[in-house]
Amino acid sequence: MTKSGASRNVLILHFTVLIWGFTGVLGELISVSALHLVWYRVLIAAISLFIYLLWCKQPLKVSRSQLLQFLGVGFIVGLHWVLFFHSIKISTVSVTLVSLSSVTLFTAVLEPLINRKRMEVSDVLIGLLIIFGIYLIFKFEFQYFWGIIFGLLAAICASFFGIFNARMVKTADAKIISFYEMVGAVIGVSILLGVSGGFDAQMLLHQSDVIYLLVLGVVCTAVAYVLAVSVMREVSAFTVALATNLEPVYGIMLALLLFGQKEAMSTGFYVGAVLVLMAVFMYPYLKNRWIGRRLSVR
């Protein structure tokens, strides 16, 4: 690949991460509840991906065991988004995005347990720094206690489906996985709505909600996913990890720009946020250094 081609892919990657960062802002702008918002989002995303796969003439057939796995992980994806958007509704975009950044911590703990691997020293160090950052946020923004809790629960769900997706993508096409996960999310959120009596008049959308949901479902979910997959074939995993870590930064900047004073936090929050984000940025670098040292010793 040429230098100009590599630069173009990196720009596309950062544009994709910027789009992801915009999801928190859209969650604040859309007036319906988190459960209704996510139902519309995953339904629009599933339909968009289905149309895209038909256009690409991609076969949709998978084995029964794969189908159950994809749908199951889709349930977790749907739950993650419900928790994420509920956190935004009861706190702020900034609080939710920083809380969600703790996915690095949960992945560092859960991945060795699920995959039966040894936990790395670098994971422990980064985890401790993230814990201290989250402690500061709790201490100085206690009025957003439940927003932080739901943000952390969303991060745990993100960690689980990230770990499972890393396994499944080795044996199936990423686009197919994503489509069936969106279908699984639609089924899962529909069950939650049915149990809670959520299929009611509160689902009715304002005109602005329709526009925001189409942007969220098509651009921020389906299109962003296709862009991400296309550049991941050419860009290193390290570059992808670093760029993805910018999502909360982009999201917080956009929220401050659009919502102003509502997103203004205490100094303690920003100290904690800087610690969490610093840890998240350091993680792929330390991981590479640690793995490199182990290989050189061998």
Side-chain angles (χ1 to χ4, degrees), residues 1-30 37-38 41-42 44-53 55-56 58 73-74 77 80-81 84-85 88 93-94 96-98 100-101 103-104 107 154-155 157-159 161-162 165-166 168-169 173-179 181-182 185 211-258 277 280-281 283-285:
M1 183 174 58
T2 64
K3 187 175 181 179
S4 61
S7 299
R8 185 176 64 86
N9 280 321
V10 171
L11 284 174
I12 292 172
L13 176 61
H14 280 277
F15 178 68
T16 304
V17 175
L18 178 63
I19 292 173
W20 288 336
F22 198 61
T23 58
V25 171
L26 289 170
E28 179 69 24
L29 291 171
I30 296 169
L37 186 161
V38 174
R41 176 185 186 173
V42 294
I44 293 168
I47 293 170
S48 301
L49 283 168
F50 179 70
I51 294 170
Y52 173 74
L53 290 170
W55 179 70
C56 293
Q58 179 87 34
V73 175
V77 173
H80 157 74
W81 279 333
F84 172 75
F85 286 113
I88 289 173
V93 176
S94 299
T96 301
L97 288 173
V98 174
L100 188 65
S101 298
V103 68
T104 302
T107 302
C157 289
S159 176
F161 74 69
N165 276 342
M168 296 187 303
V169 79
D173 186 274
K175 297 187 291 296
I176 296 296
I177 293 172
S178 184
F179 167 67
E181 283 182 356
M182 290 303 102
I211 296 169
Y212 293 144
L213 280 165
L214 285 172
V215 173
L216 181 63
V218 177
V219 180
C220 296
T221 308
V223 172
Y225 175 79
V226 172
L227 285 174
V229 170
S230 66
V231 299
M232 283 176 188
R233 296 193 188 102
E234 305 292 342
V235 178
S236 70
F238 182 73
T239 302
V240 171
L242 282 178
T244 304
N245 292 339
L246 283 168
E247 181 184 347
V249 178
Y250 290 149
I252 290 170
M253 288 172 63
L254 287 167
L256 283 169
L257 184 66
L258 293 172
L277 294 174
V280 170
F281 274 101
Y283 183 73
Y285 174 75

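Since we're looking at a predicted model, the values are computed, not measured.
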remark   = Applying side-chain hydrogen bond (donor to acceptor under 3.5 Å, both in side chains) to Thr221 and not counting sequence neighbours gives Arg41

remark   = The side-chain contact (heavy atoms from CB on, under 4.5 Å) partners of Thr16 (sequence neighbours excluded) come to Ile12, Trp20, Ala224, Leu227, Ala228

Student check: side-chain heavy atoms of Val77 and Met182 closer than 4.5 Å = yes

message = Measuring from atom SG of Cys220 to atom CG of Leu214, what distance do you get when rounded to the nearest 0.5 angstrom?
response = 11.5 Å

key: side-chain contact (heavy atoms from CB on, under 4.5 Å) partners for Leu213, two or more places apart   = Ile30, Leu37, Tyr40, Ile44, Leu205, Leu216

task = Kindly write out the residues that satisfy side-chain contact (heavy atoms from CB on, under 4.5 Å) with Ile51, not counting sequence neighbours, or none if the list is empty.
result = Ile47

Residues in ring-ring contact (aromatic ring centres under 6.0 Å, His included) contact with Phe50, at least two apart in sequence or another chain = Phe179

Closest heavy-atom pair and its distance - Val42, Ala185 = CG1-CB, 3.7 Å

key: Minimum-distance pair of heavy atoms, taken over all atoms of Ser48 and Val218   = OG-CG2, 3.5 Å

remark   = Residues at least two apart in sequence or cross-chain that pass side-chain hydrogen bond (donor to acceptor under 3.5 Å, both in side chains) with Tyr52, listed by chain then number, are none

request  = Would you please name every residue forming a side-chain contact (heavy atoms from CB on, under 4.5 Å) with Val103, sequence neighbours left out?
outcome  = Thr107, Ala155, Ala158, Ser159

request  = For residues Leu100 and Pro248, determine if any side-chain heavy atom of one lies less than 4.5 Å from a side-chain heavy atom of the other.
outcome  = no

task = Heavy atoms only: give me the nearest Ser178-Leu49 pair and the separation to one decimal.
result = OG-CD1, 3.6 Å

query = Would you find more than 12 non-hydrogen atoms of other residues, nucleotides or ligands less than 6.0 Å from Met253 atom CE?
reply = no

remark   = For Val73 and Met168 the tightest heavy-atom approach is CG2-CE, 3.7 Å

query = If every non-hydrogen atom of Leu26 is compared with every non-hydrogen atom of Tyr212, which pair is closest and at what distance?
reply = CD2-CD2, 3.9 Å

Atom pair OG/CD of Ser101 and Glu247 - distance to nearest 0.5 Å = 8.0 Å

inquiry  = Taking side-chain hydrogen bond (donor to acceptor under 3.5 Å, both in side chains) as the definition, give me every residue that meets it alongside Ser94, ordered by chain and number, with sequence neighbours left out.
reply    = Glu263

query = Counting distance only, does the side-chain N/O of Thr23 pair as donor-acceptor with the main-chain N or O of Ile19 below 3.5 Å?
reply = no

request  = Report yes if the side chains of Leu97 and Val93 come closer than 4.5 Å at any heavy-atom pair, otherwise no.
outcome  = yes

key: Glu28: salt bridge (Lys or Arg N to Asp or Glu O under 4.0 Å) partners, not counting sequence neighbours   = Lys262

key: Min side-chain heavy-atom separation Leu53-Ile176 under 4.5 Å   = yes

key: ring-ring contact (aromatic ring centres under 6.0 Å, His included) involving Phe161 - partner list, sequence neighbours excluded   = His80

